[in-house]
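Take a look at the structure below.
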Amino acid sequence: MNQAKLQRPTWIEVAICSWILFAQVWYYLQFSEQFHSVLSPLLRKVWHY
Amino acid sequence: MALLASLAALLAVGLFALIAAALGHRILRLSSLESVSEAENLLCSAAVGVICIGLLLFPIQMLGHIRTGVIAVIVLSLLLGLGNFMTVLEKVLRLLRNCFLGSRLENFLAIATLAVLLTEGLAAMAPLAGSDALHYHFTAPRLILLLGFHPNFFLSTSFLTGQSHLLILAGLALGSSQLAMGLLFLGGVLAAVACACLVRRWASRQWALTAALTFLLTPVTFWQISSAGAPDMWMAFFVTVGVLVISQSKNLPHASHAVLSGALAGALAGAKYTGCIIAASMAVAYVWESRSIRKLLLFFLGSLISGVWPYARNFAWTGDPVFPFLLRHLSPGKLNAFALASYLAETGAGQHLSFWQILKFPLFAAIDTQHPGFWQFLGPLVLCFAPLLILAVRNTTAWRVALTVWILSALGIGVSSGMSRYVFPLLPCALAGVFAGVSHLATRGWRAAKYISAATISGFLLFGAAGLLFYDRAALLVAGGFTSQDEYMREHVPEYEKTEFVNRVLSEKEAGGKTLVFMRHVFYLRVPFLYGDPSASWAVDPSELQTPEEWQAFFQAHDIRWVVRSPEYPEAIAAPLKQLETSGQLSPIARSEISDFQGSRVYGQRQTVAVTILQVNH
């Protein structure tokens with residue numbers, strides 16, 4: 001029981017984890033149009049192949 | 001054969017690095033400025049050596065025999081550093097050996113870093129294909145080699161070239177654009193090592209190697225190091241070594257340390273206008289640490305010696321050291337309002353960002369959604385891990401200097417230019433800081449944060465590795481000899497078919513007279529040309545070229561015999577040129593349909609455009 005309590009993330013750790021996940025999702029989404037432009041012809045080629 | 005040539009060029013670059021480092025090592029020894037850390041000492045030696053070689057090359061470009069001069073500078077550097085050559089080589093080999101004496105993870109990271117460097121180095125050996133390089137980074141030095149050291153108001157971006165462009169000049173003077181690209185690649189290698197050294201101030205070797213690998217696999221880095229043909233990698237190196245050197249202010253309280261710190265700041269300022277902002281931040285960090293006016297003056301002396309020359313050149317040629325940005329205040333009579341407006345828009349100097357937008361710059365998160373593109377993909381890691389700085393930052397010299405230079409410079413760039421790509425030289429410094437923060441997660445026992453951070457970094461490294469191979473695949477194939485150079489250039493060099501057509505048609509014509517072109521990528525033109533797009537050509541002012549008569553006088557004044565329309569004239573000057581065509585004063589002599597990129601070449605979309613060569617009839 002004590003062990004489980006020790007391993008439970010603190011609020012600050014939860015906040016840090018949330019920030020890391022949120023920040024990278026936000027960042028990659030900023031380039032979604034570019035990813036689409038580069039990846040869609042590539043995926044089309046793979047699909048045709 | 002192509003692979004051997006690529007490896008030989010990379011070896012020559014390695015030899016150049018050793019010559020520069022040996023020269024710098026000797027200078028540091030004579031100045032009693034040897035750092036405790038062997039790696040930092042080597043980096044500092046390389047920086048000092050390259051700065052000195054640049055200083056020697058600057059007057060050489062004014063001479064008639066630039067090639068002989070470049071060889072003389074390299075031989076002189078070799079002779080001056082000869083006694084230190086073996087010492088430097090031994091230190092380099094010892095450092096390389098030490099890279100493989102760690103844990104299995106450290107060995108894996110070291111091998112991965114070397115593999116990435118080899119990939120990027122080989123890709124850099126492909127024929128030049130970067131857009132700005134084809135426009136001016138390589139074209140301006142090539143024109144100096146061909147025509148001498150003169151102001152070129154047609155290719156007015158040539159005024160933006162700095163001290164680091166002298167390395168491109170040296171490579172081209174020795175007859176090899178591969179060597180020139182290799183010398184830019186060298187800046188990236190040194191920047192990655194400097195990044196690792198900075199992390200070692202605060203964290204273990206594992207994190208140092210991870211930070212270096214992350215830096216090398218960031219899309220803007222692998223674009224800059226392997227194909228852009230721009231000197232920004234050297235800026236990243238100088239700023240990171242600058243932070244390492246300034247943070248030794250307390251250990252090396254000599255006057256020569258102030259000059260060295262200043263010289264590194266000057267090297268940054270001399271590379272690019274935005275380098276002045278980073279140099280100013282370094283001056284602030286230095287004065288805070290040294291608390292001495294005398295040392296600050298020595299710092300400025302060092303800066304002036306190493307970085308003032310491109311500004312002095314511009315001042316002598318135009319009256320504006322930062323041409324064309326101060327011309328409206330210094331010499332309003334010489335102003336080309338059209339070109340200036342275009343420069344301000346392109347460099348972002350005319351933009352005004354909000355307070356919140358400027359705050360994004362130190363976090364590398366200021367993405368310009370109006371002009372989207374991978375050229376501003378600096379990675380999400382600084383943004384993700386910035387809160388972890390709280391865990392790592394201490395009131396030490398290294399932290400104070402690194403944070404001052406990183407944050408002040410980024411804010412300064414945000415205020416003055418608003419272009420996120422210009423913060424790239426600060427990336428090694430920022431990565432070093434945030435990775436030091438991540439390294440503290442383990443000691444805190446925050447397992448969830450530790451695993452999420454590890455997954456984030458691993459994901460980014462995998463994404464970067466895939467991106468590197470995807471982006472550089474064609475360059476690697478041509479550098480390895482699997483595809484021909486001609487095939488590569490046709491498929492990957494923007495406007496290559498246009499330049500090939502112009503070269504083919506006009507080389508058959510009698511000698512004499514110049515060709516006015518509006519295509520942006522002019523490096524491969526082999527006929528005497530003048531660049532005429534008014535958005536980047538100071539000499540072509542639409543307000544002074546409004547009638548066919550004014551154009552005829554312009555053609556005569558500049559000995560222009562041919563004009564290339566590809567496919568249309570720039571809008572601001574199209575009307576009078578069309579009138580010249582209608583009246584027969586511009587008559588077509590050749591026309592071709594060629595294939596070219598539509599938009600950025602990274603997306604690979606092509607279109608067919610018409611190119612027409614017209615003869616000027618007086």
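Values in this document were obtained by computation on a predicted structure and should not be read as measured data. Protein chains get the first letters and strands the later ones, always in sequence-line order, with residue 1 at the start of each.
Residue pairs that meet the side chain to side chain donor-acceptor pair (under 3.5 Å) test with at least one member in residues 377-389 of chain B, sequence neighbours left out, do not exist here. Counting only residues at least two apart or on different chains, no side chain to side chain donor-acceptor pair (under 3.5 Å) pair has a member in residues 430-443 of chain B.
Under a 4.0 Å N-O distance rule, the pair Arg421(B)/Asp232(B) qualifies as a salt bridge. The pair Arg490(B)-Asp596(B) does not meet the salt-bridge criterion, since no charged nitrogen lies less than 4.0 angstrom from a carboxylate oxygen.
Interface residues of residues 465-476 of chain B toward chain A, defined by a heavy-atom distance below 4.5 Å and sorted by number: Phe470(B).
For a residue to count as touching a neighbouring chain, one of its non-hydrogen atoms must lie under 4.5 Å from one of that chain's; by this rule Leu388(B) touches chain A with the side chain only.
Ranked by non-hydrogen atom pairs under 4.5 Å with chain A, the options Leu381(B), Leu441(B), Ile367(B) are led by Ile367(B).
By the 30° and 60° cut-offs, the orientation of the rings of Phe385(B) relative to Phe435(B) is perpendicular. Between Phe463(B) and Phe377(B), the angle of the ring planes lies from 30° to 60°, which puts this pair in the tilted group.
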Please table the atom pairs, donor to acceptor, closer than 3.5 Å between any side-chain atom in residues 17-27 of chain A and protein atoms at least two apart or in another chain.
residue	atom	partner	partner atom	Å
Ser18(A)	OG	Val14(A)	O	2.7
Trp19(A)	NE1	Leu383(B)	O	2.9
Trp19(A)	NE1	Cys384(B)	O	3.3
Gln24(A)	NE2	Thr456(B)	OG1	2.8
Tyr27(A)	OH	Leu378(B)	N	3.0
Tyr27(A)	OH	Gly379(B)	N	3.0

